[in-house]
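We count ligands from 1, going down the list as the structure has it; atoms in each ligand are counted the same way.
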Amino acid sequence: MKNLKWLVYLVLLSVTVGGCKMQNSPQGGNEEILDYASRQIGLQLAEIAKSGKVLNPRTIKKDGTTAYIDREDWTSGFFPGTLWYLYEMNGNEALKEYAVQITESLDSVKFLTWHHDVGFMINCSYGNAFRLTGQQEYKEVLIQAARSLCTRFRPAAGVIQSWDADRGWQATRGWKCPVIIDNMMNLELLFRVTAFTGDSTFYHIAVSHADQTMANHFREDYSSWHVVDYDPETGEVRKKNTAQGYSDESAWARGQAWAVYGYTVCYRETKDPRYLEQAQQVADFILNHPRLPEDLVPYWDFDAPRIPDEPRDASAAAIIASALYELGSYASADKKATYLAKADQIMASLNSPAYRAEAGTNNFFMLKHSVGSIPHGAEIDVPLNYADYYFLEALRRKMNLEN
Ligand code: GLY
(Lines give C-alpha, C1' and ligand atoms only; values in the text may rest on other atoms or scores of the structure.)
Protein backbone atom coordinates (compact mmCIF):
# COMPACT_ATOMS: atom_id res chain seq x y z
CA MET A 1 0.00 0.00 0.00
CA LYS A 2 1.50 3.32 -1.00
CA ASN A 3 1.76 6.42 1.22
CA LEU A 4 0.82 4.43 4.27
CA LYS A 5 2.01 6.96 6.86
CA TRP A 6 0.27 9.81 5.08
CA LEU A 7 -2.92 7.83 4.90
CA VAL A 8 -2.89 6.93 8.57
CA TYR A 9 -2.16 10.56 9.46
CA LEU A 10 -5.05 11.90 7.40
CA VAL A 11 -7.49 9.29 8.57
CA LEU A 12 -6.63 9.86 12.22
CA LEU A 13 -6.90 13.61 11.70
CA SER A 14 -10.39 13.17 10.29
CA VAL A 15 -11.28 10.96 13.22
CA THR A 16 -10.20 13.65 15.68
CA VAL A 17 -12.02 16.40 13.83
CA GLY A 18 -15.12 14.25 13.42
CA GLY A 19 -15.04 13.37 17.11
CA CYS A 20 -14.95 17.05 18.12
CA LYS A 21 -17.88 17.96 15.92
CA MET A 22 -19.91 15.03 17.18
CA GLN A 23 -19.85 16.31 20.75
CA ASN A 24 -21.95 19.30 19.63
CA SER A 25 -24.66 17.60 17.60
CA PRO A 26 -27.47 15.31 18.73
CA GLN A 27 -27.50 11.76 17.36
CA GLY A 28 -29.45 11.33 14.14
CA GLY A 29 -29.13 14.68 12.36
CA ASN A 30 -27.64 14.33 8.87
CA GLU A 31 -24.42 16.12 9.77
CA GLU A 32 -24.02 14.12 12.94
CA ILE A 33 -24.48 10.86 11.02
CA LEU A 34 -21.90 12.01 8.51
CA ASP A 35 -19.44 12.88 11.28
CA TYR A 36 -20.10 9.51 12.87
CA ALA A 37 -19.52 7.70 9.54
CA SER A 38 -16.30 9.64 8.97
CA ARG A 39 -15.10 8.64 12.40
CA GLN A 40 -16.10 4.97 12.26
CA ILE A 41 -14.88 4.37 8.69
CA GLY A 42 -11.77 6.40 9.47
CA LEU A 43 -11.04 3.98 12.30
CA GLN A 44 -11.69 1.04 9.95
CA LEU A 45 -9.15 2.49 7.52
CA ALA A 46 -6.61 3.12 10.26
CA GLU A 47 -7.00 -0.55 11.27
CA ILE A 48 -6.50 -1.68 7.68
CA ALA A 49 -3.53 0.62 7.23
CA LYS A 50 -1.78 -1.08 10.17
CA SER A 51 -1.74 -4.30 8.11
CA GLY A 52 0.05 -2.63 5.21
CA LYS A 53 -2.29 -4.53 2.87
CA VAL A 54 -5.31 -3.68 0.75
CA LEU A 55 -8.05 -5.33 2.81
CA ASN A 56 -11.78 -5.48 2.10
CA PRO A 57 -13.91 -5.96 5.26
CA ARG A 58 -17.22 -7.84 5.01
CA THR A 59 -18.40 -8.79 8.53
CA ILE A 60 -17.35 -10.11 11.95
CA LYS A 61 -16.46 -13.79 12.18
CA LYS A 62 -17.66 -16.07 14.98
CA ASP A 63 -14.26 -15.67 16.70
CA GLY A 64 -14.79 -11.90 16.85
CA THR A 65 -12.22 -10.99 14.20
CA THR A 66 -13.01 -9.12 11.01
CA ALA A 67 -13.72 -11.19 7.89
CA TYR A 68 -11.79 -9.69 4.98
CA ILE A 69 -12.79 -10.97 1.59
CA ASP A 70 -11.36 -11.92 -1.74
CA ARG A 71 -12.14 -9.86 -4.83
CA GLU A 72 -14.43 -12.60 -6.23
CA ASP A 73 -16.71 -12.50 -3.21
CA TRP A 74 -20.10 -11.05 -4.15
CA THR A 75 -19.74 -8.29 -1.55
CA SER A 76 -16.35 -7.00 -2.71
CA GLY A 77 -17.76 -3.78 -4.22
CA PHE A 78 -19.51 -2.51 -1.10
CA PHE A 79 -16.61 -1.30 1.06
CA PRO A 80 -15.02 0.56 -1.87
CA GLY A 81 -18.46 2.01 -2.65
CA THR A 82 -18.88 3.09 0.97
CA LEU A 83 -15.57 4.94 0.78
CA TRP A 84 -16.63 6.69 -2.44
CA TYR A 85 -19.94 7.81 -0.92
CA LEU A 86 -18.21 9.09 2.18
CA TYR A 87 -15.56 10.87 0.13
CA GLU A 88 -18.35 12.45 -1.92
CA MET A 89 -20.01 13.71 1.25
CA ASN A 90 -17.00 14.79 3.34
CA GLY A 91 -14.29 15.46 0.73
CA ASN A 92 -11.56 13.70 2.76
CA GLU A 93 -8.68 12.97 0.37
CA ALA A 94 -7.41 10.12 2.55
CA LEU A 95 -10.62 8.28 1.83
CA LYS A 96 -10.18 8.81 -1.86
CA GLU A 97 -6.64 7.48 -1.67
CA TYR A 98 -7.81 4.18 -0.24
CA ALA A 99 -11.00 4.13 -2.34
CA VAL A 100 -8.83 4.25 -5.46
CA GLN A 101 -6.52 1.50 -4.22
CA ILE A 102 -9.25 -0.89 -3.16
CA THR A 103 -11.37 -0.19 -6.24
CA GLU A 104 -8.43 -0.85 -8.55
CA SER A 105 -7.71 -4.08 -6.67
CA LEU A 106 -10.99 -5.36 -8.14
CA ASP A 107 -9.92 -4.79 -11.75
CA SER A 108 -9.98 -8.48 -12.77
CA VAL A 109 -13.60 -8.82 -11.59
CA LYS A 110 -14.61 -7.30 -14.92
CA PHE A 111 -13.88 -10.72 -16.45
CA LEU A 112 -15.86 -12.67 -13.86
CA THR A 113 -18.51 -14.85 -15.49
CA TRP A 114 -19.14 -17.62 -12.95
CA HIS A 115 -21.90 -15.78 -11.08
CA HIS A 116 -24.19 -12.81 -11.66
CA ASP A 117 -22.95 -10.53 -8.91
CA VAL A 118 -20.40 -8.81 -11.13
CA GLY A 119 -23.05 -6.07 -11.39
CA PHE A 120 -23.05 -5.40 -7.64
CA MET A 121 -19.27 -5.74 -7.41
CA ILE A 122 -18.30 -3.44 -10.23
CA ASN A 123 -21.14 -0.91 -10.20
CA CYS A 124 -20.80 -0.15 -6.48
CA SER A 125 -17.00 0.23 -6.71
CA TYR A 126 -16.02 1.36 -10.22
CA GLY A 127 -19.49 2.78 -10.89
CA ASN A 128 -19.12 5.27 -8.05
CA ALA A 129 -15.45 5.81 -8.88
CA PHE A 130 -16.32 6.76 -12.45
CA ARG A 131 -19.24 8.94 -11.34
CA LEU A 132 -16.96 10.91 -9.02
CA THR A 133 -13.72 11.05 -10.99
CA GLY A 134 -14.79 10.75 -14.63
CA GLN A 135 -11.70 8.60 -15.24
CA GLN A 136 -12.10 6.88 -18.62
CA GLU A 137 -10.31 3.65 -17.59
CA TYR A 138 -13.03 3.13 -14.99
CA LYS A 139 -15.69 3.39 -17.68
CA GLU A 140 -13.88 0.66 -19.65
CA VAL A 141 -14.03 -1.60 -16.60
CA LEU A 142 -17.80 -1.03 -16.35
CA ILE A 143 -18.24 -1.89 -20.02
CA GLN A 144 -16.23 -5.11 -19.77
CA ALA A 145 -18.10 -6.10 -16.60
CA ALA A 146 -21.43 -5.64 -18.42
CA ARG A 147 -20.17 -7.86 -21.24
CA SER A 148 -19.23 -10.52 -18.69
CA LEU A 149 -22.66 -10.30 -17.07
CA CYS A 150 -24.35 -10.70 -20.45
CA THR A 151 -22.58 -14.04 -20.99
CA ARG A 152 -25.06 -15.35 -18.42
CA PHE A 153 -28.11 -14.31 -20.46
CA ARG A 154 -30.24 -17.31 -21.46
CA PRO A 155 -32.28 -16.22 -24.51
CA ALA A 156 -34.94 -18.96 -24.35
CA ALA A 157 -35.87 -17.94 -20.82
CA GLY A 158 -35.07 -14.25 -21.34
CA VAL A 159 -33.15 -14.04 -18.05
CA ILE A 160 -29.63 -13.68 -16.70
CA GLN A 161 -28.72 -16.88 -14.85
CA SER A 162 -27.75 -16.03 -11.26
CA TRP A 163 -25.83 -19.06 -10.07
CA ASP A 164 -24.20 -22.00 -11.81
CA ALA A 165 -26.33 -25.08 -11.16
CA ASP A 166 -23.36 -27.46 -10.85
CA ARG A 167 -21.29 -25.55 -8.30
CA GLY A 168 -21.08 -25.62 -4.49
CA TRP A 169 -24.24 -26.01 -2.40
CA GLN A 170 -26.39 -24.95 -5.37
CA ALA A 171 -25.53 -28.26 -7.05
CA THR A 172 -27.62 -30.07 -4.40
CA ARG A 173 -30.88 -28.31 -5.36
CA GLY A 174 -31.65 -29.84 -8.77
CA TRP A 175 -31.79 -26.46 -10.51
CA LYS A 176 -30.92 -25.86 -14.18
CA CYS A 177 -30.98 -22.08 -14.45
CA PRO A 178 -31.59 -20.50 -11.04
CA VAL A 179 -32.45 -16.81 -10.96
CA ILE A 180 -32.70 -14.97 -7.65
CA ILE A 181 -34.61 -11.78 -7.02
CA ASP A 182 -31.30 -10.17 -5.98
CA ASN A 183 -30.36 -10.25 -9.66
CA MET A 184 -32.58 -7.21 -10.27
CA MET A 185 -29.73 -5.25 -8.67
CA ASN A 186 -27.32 -6.14 -11.48
CA LEU A 187 -29.40 -4.42 -14.14
CA GLU A 188 -28.26 -0.89 -13.26
CA LEU A 189 -24.84 -1.74 -14.69
CA LEU A 190 -26.43 -2.76 -18.00
CA PHE A 191 -28.46 0.46 -18.21
CA ARG A 192 -25.38 2.58 -17.50
CA VAL A 193 -23.32 0.76 -20.10
CA THR A 194 -26.07 1.21 -22.68
CA ALA A 195 -25.66 4.95 -22.21
CA PHE A 196 -21.83 4.72 -22.39
CA THR A 197 -21.73 2.62 -25.55
CA GLY A 198 -24.99 3.29 -27.40
CA ASP A 199 -25.27 -0.50 -27.73
CA SER A 200 -28.90 -1.39 -27.04
CA THR A 201 -28.06 -5.08 -26.49
CA PHE A 202 -27.37 -4.30 -22.83
CA TYR A 203 -30.68 -2.45 -22.52
CA HIS A 204 -32.70 -5.25 -24.12
CA ILE A 205 -31.14 -7.86 -21.84
CA ALA A 206 -31.93 -5.74 -18.77
CA VAL A 207 -35.53 -5.15 -19.87
CA SER A 208 -36.05 -8.81 -20.76
CA HIS A 209 -34.75 -9.89 -17.35
CA ALA A 210 -36.92 -7.32 -15.55
CA ASP A 211 -40.03 -8.40 -17.51
CA GLN A 212 -39.50 -12.13 -16.97
CA THR A 213 -38.84 -11.51 -13.29
CA MET A 214 -42.02 -9.44 -13.06
CA ALA A 215 -43.97 -12.25 -14.71
CA ASN A 216 -42.56 -15.17 -12.71
CA HIS A 217 -41.04 -14.02 -9.44
CA PHE A 218 -44.04 -12.39 -7.72
CA ARG A 219 -47.07 -13.71 -5.91
CA GLU A 220 -50.49 -12.06 -6.05
CA ASP A 221 -49.71 -9.99 -2.96
CA TYR A 222 -46.50 -8.71 -4.67
CA SER A 223 -44.19 -10.60 -2.34
CA SER A 224 -41.35 -12.29 -4.14
CA TRP A 225 -40.03 -15.82 -4.30
CA HIS A 226 -36.31 -15.88 -3.75
CA VAL A 227 -35.30 -18.40 -6.46
CA VAL A 228 -37.06 -19.15 -9.75
CA ASP A 229 -35.51 -21.98 -11.72
CA TYR A 230 -35.93 -21.94 -15.51
CA ASP A 231 -35.31 -24.51 -18.18
CA PRO A 232 -32.64 -22.76 -20.23
CA GLU A 233 -33.62 -24.73 -23.36
CA THR A 234 -37.38 -24.08 -23.34
CA GLY A 235 -37.65 -21.07 -21.04
CA GLU A 236 -40.25 -22.88 -18.93
CA VAL A 237 -40.36 -22.19 -15.16
CA ARG A 238 -39.34 -25.40 -13.36
CA LYS A 239 -39.38 -24.48 -9.65
CA LYS A 240 -39.99 -21.66 -7.22
CA ASN A 241 -37.85 -22.02 -4.11
CA THR A 242 -35.88 -20.23 -1.48
CA ALA A 243 -32.19 -20.29 -0.67
CA GLN A 244 -31.87 -17.69 2.08
CA GLY A 245 -35.46 -17.34 3.26
CA TYR A 246 -37.44 -19.34 5.82
CA SER A 247 -39.34 -21.45 3.27
CA ASP A 248 -40.16 -21.62 -0.42
CA GLU A 249 -43.42 -19.75 0.19
CA SER A 250 -42.10 -17.17 2.63
CA ALA A 251 -41.15 -13.55 2.00
CA TRP A 252 -37.42 -13.24 2.71
CA ALA A 253 -36.92 -9.65 3.86
CA ARG A 254 -33.81 -8.77 1.85
CA GLY A 255 -35.38 -10.27 -1.27
CA GLN A 256 -38.30 -7.83 -0.94
CA ALA A 257 -35.76 -5.03 -0.47
CA TRP A 258 -33.86 -5.99 -3.64
CA ALA A 259 -37.16 -6.08 -5.53
CA VAL A 260 -38.33 -2.58 -4.59
CA TYR A 261 -34.87 -1.16 -5.24
CA GLY A 262 -34.46 -3.03 -8.53
CA TYR A 263 -37.78 -1.95 -10.06
CA THR A 264 -37.20 1.64 -8.92
CA VAL A 265 -33.94 1.61 -10.93
CA CYS A 266 -35.75 0.06 -13.91
CA TYR A 267 -38.30 2.89 -13.83
CA ARG A 268 -35.53 5.51 -13.56
CA GLU A 269 -33.76 4.05 -16.60
CA THR A 270 -36.74 3.26 -18.86
CA LYS A 271 -39.60 5.47 -17.59
CA ASP A 272 -41.84 2.43 -18.19
CA PRO A 273 -44.82 2.95 -15.81
CA ARG A 274 -45.15 -0.83 -15.29
CA TYR A 275 -41.89 -0.76 -13.36
CA LEU A 276 -43.02 2.17 -11.22
CA GLU A 277 -46.23 0.30 -10.42
CA GLN A 278 -44.25 -2.84 -9.55
CA ALA A 279 -41.86 -0.94 -7.27
CA GLN A 280 -44.79 0.75 -5.51
CA GLN A 281 -46.67 -2.51 -5.06
CA VAL A 282 -43.61 -4.16 -3.51
CA ALA A 283 -42.99 -1.11 -1.30
CA ASP A 284 -46.62 -1.25 -0.15
CA PHE A 285 -46.35 -4.99 0.55
CA ILE A 286 -43.39 -4.26 2.84
CA LEU A 287 -44.73 -1.13 4.51
CA ASN A 288 -48.25 -2.48 5.14
CA HIS A 289 -47.12 -5.90 6.33
CA PRO A 290 -48.64 -6.75 9.73
CA ARG A 291 -45.35 -8.28 10.85
CA LEU A 292 -43.22 -5.25 9.98
CA PRO A 293 -42.12 -4.02 13.42
CA GLU A 294 -42.91 -0.51 14.62
CA ASP A 295 -39.33 0.65 14.08
CA LEU A 296 -39.62 -0.54 10.41
CA VAL A 297 -36.50 -2.73 10.61
CA PRO A 298 -37.82 -6.08 9.29
CA TYR A 299 -37.30 -9.47 10.78
CA TRP A 300 -35.04 -11.48 8.46
CA ASP A 301 -38.12 -13.10 6.90
CA PHE A 302 -41.68 -11.77 7.11
CA ASP A 303 -42.87 -15.35 7.70
CA ALA A 304 -40.21 -16.45 10.17
CA PRO A 305 -42.04 -18.69 12.65
CA ARG A 306 -40.94 -17.22 15.99
CA ILE A 307 -41.59 -13.54 15.36
CA PRO A 308 -41.08 -11.44 17.53
CA ASP A 309 -38.20 -13.65 18.72
CA GLU A 310 -36.40 -13.65 15.38
CA PRO A 311 -33.33 -11.67 14.29
CA ARG A 312 -33.87 -8.36 12.55
CA ASP A 313 -32.12 -7.56 9.28
CA ALA A 314 -30.71 -4.03 9.29
CA SER A 315 -29.32 -4.61 5.77
CA ALA A 316 -32.86 -5.04 4.41
CA ALA A 317 -33.93 -1.88 6.23
CA ALA A 318 -31.05 0.16 4.78
CA ILE A 319 -31.76 -1.07 1.22
CA ILE A 320 -35.48 -0.28 1.63
CA ALA A 321 -34.74 3.22 2.98
CA SER A 322 -32.44 4.00 0.09
CA ALA A 323 -34.98 2.69 -2.44
CA LEU A 324 -37.83 4.65 -0.87
CA TYR A 325 -35.93 7.94 -1.11
CA GLU A 326 -35.64 7.41 -4.86
CA LEU A 327 -39.10 5.88 -5.35
CA GLY A 328 -40.64 8.81 -3.47
CA SER A 329 -39.23 11.19 -6.05
CA TYR A 330 -41.16 9.38 -8.85
CA ALA A 331 -44.42 8.62 -7.01
CA SER A 332 -47.61 10.68 -6.92
CA ALA A 333 -47.85 13.31 -4.14
CA ASP A 334 -49.63 11.16 -1.54
CA LYS A 335 -47.39 8.14 -2.06
CA LYS A 336 -44.33 10.38 -2.13
CA ALA A 337 -45.14 11.75 1.32
CA THR A 338 -45.58 8.22 2.66
CA TYR A 339 -42.41 6.80 1.12
CA LEU A 340 -40.22 9.68 2.26
CA ALA A 341 -41.69 9.65 5.77
CA LYS A 342 -41.13 5.88 6.03
CA ALA A 343 -37.58 6.21 4.75
CA ASP A 344 -36.92 8.88 7.39
CA GLN A 345 -38.39 6.60 10.05
CA ILE A 346 -36.12 3.74 8.99
CA MET A 347 -33.11 6.05 9.09
CA ALA A 348 -34.08 7.25 12.56
CA SER A 349 -34.26 3.63 13.73
CA LEU A 350 -30.95 2.68 12.16
CA ASN A 351 -29.35 5.72 13.75
CA SER A 352 -30.56 4.84 17.21
CA PRO A 353 -28.27 2.99 19.61
CA ALA A 354 -30.35 -0.14 18.94
CA TYR A 355 -28.72 -0.52 15.50
CA ARG A 356 -25.89 1.98 15.17
CA ALA A 357 -22.68 0.88 16.84
CA GLU A 358 -20.78 3.25 19.08
CA ALA A 359 -17.76 4.64 17.29
CA GLY A 360 -14.75 2.42 17.85
CA THR A 361 -16.85 -0.73 18.46
CA ASN A 362 -18.42 -3.36 16.15
CA ASN A 363 -15.03 -3.89 14.42
CA PHE A 364 -15.58 -0.42 12.91
CA PHE A 365 -18.70 -1.36 10.94
CA MET A 366 -21.53 1.14 11.38
CA LEU A 367 -24.66 -0.99 11.67
CA LYS A 368 -25.30 -3.96 13.93
CA HIS A 369 -27.99 -6.65 13.55
CA SER A 370 -27.99 -7.87 9.97
CA VAL A 371 -28.49 -11.40 8.69
CA GLY A 372 -26.60 -13.09 5.86
CA SER A 373 -28.27 -16.48 5.54
CA ILE A 374 -30.01 -18.31 8.36
CA PRO A 375 -30.59 -21.52 6.31
CA HIS A 376 -26.82 -21.68 5.77
CA GLY A 377 -26.13 -20.85 9.42
CA ALA A 378 -24.04 -17.94 8.18
CA GLU A 379 -23.75 -14.36 9.41
CA ILE A 380 -26.64 -14.23 11.85
CA ASP A 381 -27.10 -10.96 13.75
CA VAL A 382 -23.83 -9.41 12.61
CA PRO A 383 -22.68 -6.28 10.80
CA LEU A 384 -22.47 -6.60 7.00
CA ASN A 385 -20.64 -4.33 4.57
CA TYR A 386 -23.72 -4.00 2.36
CA ALA A 387 -25.85 -2.78 5.27
CA ASP A 388 -23.31 0.02 5.74
CA TYR A 389 -23.15 0.75 2.00
CA TYR A 390 -26.92 1.21 1.57
CA PHE A 391 -27.11 3.11 4.88
CA LEU A 392 -24.66 5.70 3.54
CA GLU A 393 -26.34 5.73 0.15
CA ALA A 394 -29.65 6.41 1.90
CA LEU A 395 -28.04 9.22 3.90
CA ARG A 396 -26.69 10.77 0.69
CA ARG A 397 -30.12 10.53 -0.97
CA LYS A 398 -31.78 12.02 2.13
CA MET A 399 -29.32 14.92 2.20
CA ASN A 400 -29.77 15.56 -1.52
CA LEU A 401 -33.55 15.63 -1.14
CA GLU A 402 -33.39 17.99 1.82
CA ASN A 403 -30.94 20.32 0.11
N1 GLY B 1 -27.26 -11.38 -2.89
C2 GLY B 1 -27.12 -12.17 -1.73
C3 GLY B 1 -27.82 -11.64 -0.54
O4 GLY B 1 -28.59 -10.73 -0.58
O5 GLY B 1 -27.57 -12.19 0.51
What residue among Lys239, Arg154, Arg238 forms salt bridge (Lys or Arg N to Asp or Glu O under 4.0 Å) with Asp229?
Arg238
Protein residues that have a heavy atom under 4.0 Å from any atom of ligand 1, sorted by chain and number
Trp74, Asp182, Gln244, Trp252, Arg254, Trp258, Tyr386
Does the distance from a Lys or Arg side-chain N to an Asp or Glu carboxylate O, for Glu249 and Arg219, drop under 4.0 Å?
yes
How would you list all residue pairs meeting side chain to side chain donor-acceptor pair (under 3.5 Å) that involve residues 124-133, not counting sequence neighbours?
Glu88-Arg131, Asn128-Arg131, Asn128-Tyr389
Is there a donor in the side chain of Asp73 and an acceptor in the side chain of Tyr68, or the other way round, less than 3.5 Å apart?
no
Among Leu187, Thr270, Leu190, side-chain contact (heavy atoms from CB on, under 4.5 Å) partner for Tyr203
Thr270
Between Glu393 and Ser322, do the side chains contain an N or O donor and an N or O acceptor separated by less than 3.5 Å?
yes
